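Basis for what follows: all heavy atoms, side chains included, without hydrogens, waters or symmetry-related copies. Please read all numbers here as calculations on a predicted model, not as lab measurements. Whatever order the structure lists them in is the order used to number ligands and atoms, beginning at 1.
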Amino acid sequence: MKLSRLARLTIILAFILGVMGCTGQPISTTTSDIQEKSVKGYEDLIVGFSQLGAESEWRVANTNSIKETAEQLGVELCFFDAQQKQENQVEAIRKLIVQRVDVIGISPIVETGWDEVFQEAKDAGIPIILVDRRADVPEDLYVSYLGSDFLEEGRNAARIMADLMNGQANIVELVGTIGSAPANDRYLGFREILKEYPDMRILASESGDFTRARGKEVMEGFLKKYGNRITAVYSHNDDMSLGAIQAIEEYGLKPGVDIKIVSVDAARGAFEAMIAGKLNATVECNPLLGPQFFELALKVVNGEPYPRWVPSIEGIFFPDNALEILPTRKY
Ligand code: GYE
């Protein structure tokens, strides 16, 4: 049988990955390993993680939490950063399958397009845990979801906005990454509450891809088109809010005063903006998921009972006590 060059390379890669750990160290096989421990501890765990990128303050804190917790617990972590590309996440999962990790955590960049590769993991007997973002796949293709209630975050943002604006506003919306779970649900949750307020209108809604640079650009476009008709901004994350603040200042208006801003995440940058009077509120979305993730991973691997959804506990923050709270913030 003649194998193609690609097939030969794949076999060699599979062999190398199979005998090397994520750190590049060979996986030592002693007799006790071969006999397979019935109950694994953190030191026995090999966990794969496919992170979507590094687009925001939130994401950086999320990655740090996962890496630091793995180190503290002695878990072997195989971490891949997809740099905002779904195809890189698919490739990472395939590598992790070849590496035969115990469990795979993934923060899917968008909701759709995962069925095939999740099925491949399932066929290989590797459970998938969704971390931070949900994927729109059949229930049996993942074991659990750890993360926030994005719909409720959107509802809370609308409730705060209605309060701030006394039920009257011309709103522009900075949407997160198109097709991502937080953008989809923060969009829907906000509108659900807005229905109760006929004098709160959305003038325009556009994606700023969860980044500060895009948030600024999109806000510049809104200002060019609607000028001082805009009375409020709803932004799906703090980075885009910070970009919008800059755009509003350059336009010659006062963010937080002439145009009120409600944001999501509650990252340090948002607290600084609230202290400076430029941001009116931020709905918390907790990125520090490392400890809960590895606890869940261990339960899954040991066949212990675990919930289908582990929700994060979150609050809402306003400028009045931002100065006091800032030193306690961990991201
Ligand atoms: O709000 C945003 C990030 O998925 C909840 O992604 C996360 C979101 C977060 O880029 O800042």
Side-chain angles (χ1 to χ4, degrees), residues 49-66 81-86 88-89 105-112 114 129-136 142 145-157 160 173-190 206-216 218-219 233-245 261-273 279 281-290 292-293 309-317 329-331:
F49 198 89
S50 166
Q51 180 59 285
L52 66 92
E55 75 287 0
S56 63
E57 237 188 296
W58 191 101
R59 186 70 45 204
V60 172
N62 181 245
T63 291
N64 289 342
S65 170
I66 286 155
D81 177 343
Q83 298 176 339
Q84 252 83 7
K85 291 202 176 74
Q86 183 170 29
N88 291 347
Q89 289 202 283
I106 175 168
S107 188
I109 180 149
V110 290
E111 287 196 271
T112 54
W114 301 103
I129 298 177
L130 302 177
V131 182
D132 155 40
R133 296 188 182 178
R134 286 181 190 278
D136 187 6
Y142 68 96
Y145 165 62
L146 160 65
S148 311
D149 185 343
F150 300 134
L151 265 178
E152 188 58 16
E153 289 170 356
R155 290 186 197 115
N156 280 334
I160 297 160
E173 180 183 29
L174 293 165
V175 176
T177 299
I178 305 241
S180 69
N184 289 344
D185 289 356
R186 287 171 190 168
Y187 180 98
L188 290 174
F190 190 77
E206 199 179 316
S207 173
D209 209 15
F210 280 131
T211 70
R212 187 169 176 158
R214 280 293 296 144
K216 180 167 185 270
V218 174
M219 190 65 209
V233 174
Y234 166 41
S235 164
H236 289 195
N237 85 341
D238 289 339
D239 295 69
M240 293 190 295
S241 301
L242 296 180
I245 286 173
I261 308 171
V262 174
S263 186
V264 186
D265 275 357
R268 294 182 72 88
F271 279 83
E272 281 153 12
L279 178 72
T282 184
V283 177
E284 187 177 30
C285 180
N286 183 11
L288 308 176
L289 303 177
Q292 280 171 295
F293 170 59
W309 178 16
V310 184
S312 346
I313 299 163
E314 291 157 352
I316 302 173
F317 300 97
R329 299 301 291 168
K330 299 209 165 51
Y331 66 97

Notebook entry, point to check: If you measure only the distance, is there a donor-acceptor pair under 3.5 Å linking the side chains of S263 and D238?
Noted result: yes
Next item on the list: Return yes if a side-chain donor-acceptor contact under 3.5 Å exists between H236 and E153, otherwise no.
Entry: no
Next item on the list: List the closest protein heavy-atom neighbour of atom 3 (C) of ligand 1: residue, atom name, distance to the nearest 0.1 Å.
Entry: E55 OE2, 3.2 Å
Notebook entry, point to check: How far is atom 1 (O) of ligand 1 from its nearest protein heavy atom, and which residue and atom is that?
Noted result: D265 OD1, 2.6 Å
Which of the ligand 1 atoms, numbered from 1, are nearer than 4.0 Å to a heavy atom of [X]:
{"X": "F150", "result": "5 (C)"}
{"X": "D132", "result": "4 (O), 5 (C), 7 (C)"}
{"X": "C285", "result": "5 (C)"}
{"X": "P182", "result": "4 (O)"}
{"X": "R59", "result": "3 (C), 4 (O), 6 (O), 7 (C), 8 (C)"}
{"X": "S56", "result": "2 (C), 3 (C), 10 (O), 11 (O)"}
{"X": "N237", "result": "2 (C), 11 (O)"}
{"X": "R133", "result": "3 (C), 4 (O), 6 (O), 8 (C), 10 (O)"}

Can an N or O of [X] be found at a distance shorter than 3.5 Å from an N or O of ligand 1?
{"X": "W58", "result": "no"}
{"X": "D239", "result": "no"}
{"X": "H236", "result": "no"}

Check: Is a side-chain N or O of R134 found less than 3.5 angstrom from the main chain of E111, in a donor-acceptor match?
Finding: no
Check: Between atom CG of L174 and atom CG of N237, what is the distance when rounded to the nearest 0.5 Å?
Finding: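 Reported to 0.5 Å precision, the distance equals 9.0 Å.
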Next item on the list: Look up atom CG in N286 and atom OH in Y331, then write down how far apart they are to the nearest 0.5 Å.
Entry: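 Output value for this atom pair is 5.5 Å.
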Margin query: Would you call the rings of Y234 and F190 parallel, tilted or perpendicular, taking 30° and 60° as the class edges?
Written below: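 Y234 and F190: parallel rings.
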Next item on the list: Would you check if S235 and M219 make a side-chain contact, meaning some heavy-atom pair closer than 4.5 Å?
Entry: no
Next item on the list: Could you see which bit of Q84 sits under 4.0 Å from ligand 1, with heavy atoms only: side chain, backbone, both or neither?
Entry: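 Neither; nothing of Q84 gets under 4.0 Å from ligand 1.
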Check: Would you call E272-R329 a salt bridge at under 4.0 Å N-O?
Finding: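 Not counted as a salt bridge, because no side-chain N and carboxylate O are separated by less than 4.0 Å.
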Notebook entry, point to check: Quick one: which of T63, D132, D81 gives a side chain to side chain donor-acceptor pair (under 3.5 Å) with Q51?
Noted result: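 The side chain to side chain donor-acceptor pair (under 3.5 Å) with Q51 is passed solely by T63 among T63, D132, D81.
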